[in-house]
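Heads up: the structure comes next, in structure tokens.
Model, not experiment: these values are computed from the prediction. All residue numbers in this chain count up from 1 along the given sequence. Note: hydrogens, waters and symmetry copies are ignored here, and every other heavy atom, side chains too, is used.
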Amino acid sequence: MTGNRNRLINAALKLHIAACVIFIFAPILGSFVFSLNSDRFPSLPLGHFSTEWYRLIWEDPFVWAGFFNTVVVGLIVAVIATVLGFGGAYTDFRYNFFGKNIYLALALLPPTIPVVIMGLAMLAFLSRVNLSGSTISIIIAHGVMCSPFAMAIIRLRLSQMDPDLEAAAWNLGGNEWATLRHVIIPFTKPALFAALFITMAVSFDEFAVAWFVSGLNETLPVKILGFLQGQVSPRINAIGSLAFVSSITLIILAQMLLRNSSKDKS
């Protein structure tokens, strides 16, 4: 009786997982299919296979401008967020001080704030310092949002480190900076690259805060929103498909690095 009940529970869990995967990926798969469909409107039956919509976005200078802004912002944000995340994670790992729990709560807070509130707050602050409406404003806003992701990834890697390694390096004559350079950073290197890829993916996909602060320097997700507010265009499916492939590639690379680092640890 117990065995039958366990099999029933396992079957129900597998069915639940399958339903969740279908629910999440069915719209994405539909976007891929309709991006290669000759018909202007997404409807059944499908028309013939066509790459016309990809050709149109390839020839659209506004799409290229948004893509260029997205790549530039993503690269800069990834570096800044990873550096800040490493500093925050190492501070948590290395030091004990009064108010450390408050420090960690504040450092990891931004992803929990609704993006509309975050966007309005960023717009109000950046307007006061005359930075609103520029590419720098997007970098600042995304840096604040992405740093906690990098910090969480690097904290996870540092938690796997033997705390005696630092003491051993000091006993061998290394100062704190030398230990950081030759022990800490090499150990956290997989997490550092994973943080770079993850934060770049987060910046690449984020549009709500960027919409508030970007002004005329729109990123690609903001331009997609502009297409949606204007007219229904099949180019949205093509742009969305390319954006999804770019983001999921970065996430897969990050997961591979983290998995390899876990295997090395074991």
Which atom of Val209 lies closest to which atom of Ala141, heavy atoms considered = CG1-CB, 3.6 Å

What are the two closest heavy atoms between Leu75 and Met200, and how far apart are they?
-> CD2-CE, 3.5 Å

Determine whether a donor-acceptor pair (N or O, by modelled atom type, separation under 3.5 Å) exists between the side chain of [X] and the backbone of [Y].
X: Ser127; Y: Leu123; answer: yes
X: Ser137; Y: Val213; answer: yes
X: Ser147; Y: Val144; answer: no
X: Tyr103; Y: Gly88; answer: yes

Ile136, CD1: over 12 other non-hydrogen atoms inside 6.0 angstrom | no

Would you indicate whether Phe125, at its atom CZ, is surrounded by more than 12 heavy atoms from other residues, nucleotides or ligands within a distance under 6.0 Å?
->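 At most 12 heavy atoms, drawn from other residues, nucleotides or ligands, come within 6.0 Å of this atom.
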
Leu13-Ile22 co-clustered via ILVMFWY side chain contacts under 4.5 Å | no

Pairwise side-chain contact, [X] with [Y], heavy-atom cut-off 4.5 Å (strictly under):
X: Leu192; Y: Leu196; answer: no
X: Leu104; Y: Arg155; answer: yes
X: Ile154; Y: Phe93; answer: no

Spacing of Phe197 atom CZ and Thr82 atom OG1 [to the nearest 0.5 Å] | 10.0 Å

How are the rings of Trp64 and Phe67 set to each other: parallel, tilted or perpendicular (split at 30° and 60°)?
->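 Trp64 and Phe67: perpendicular rings.
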
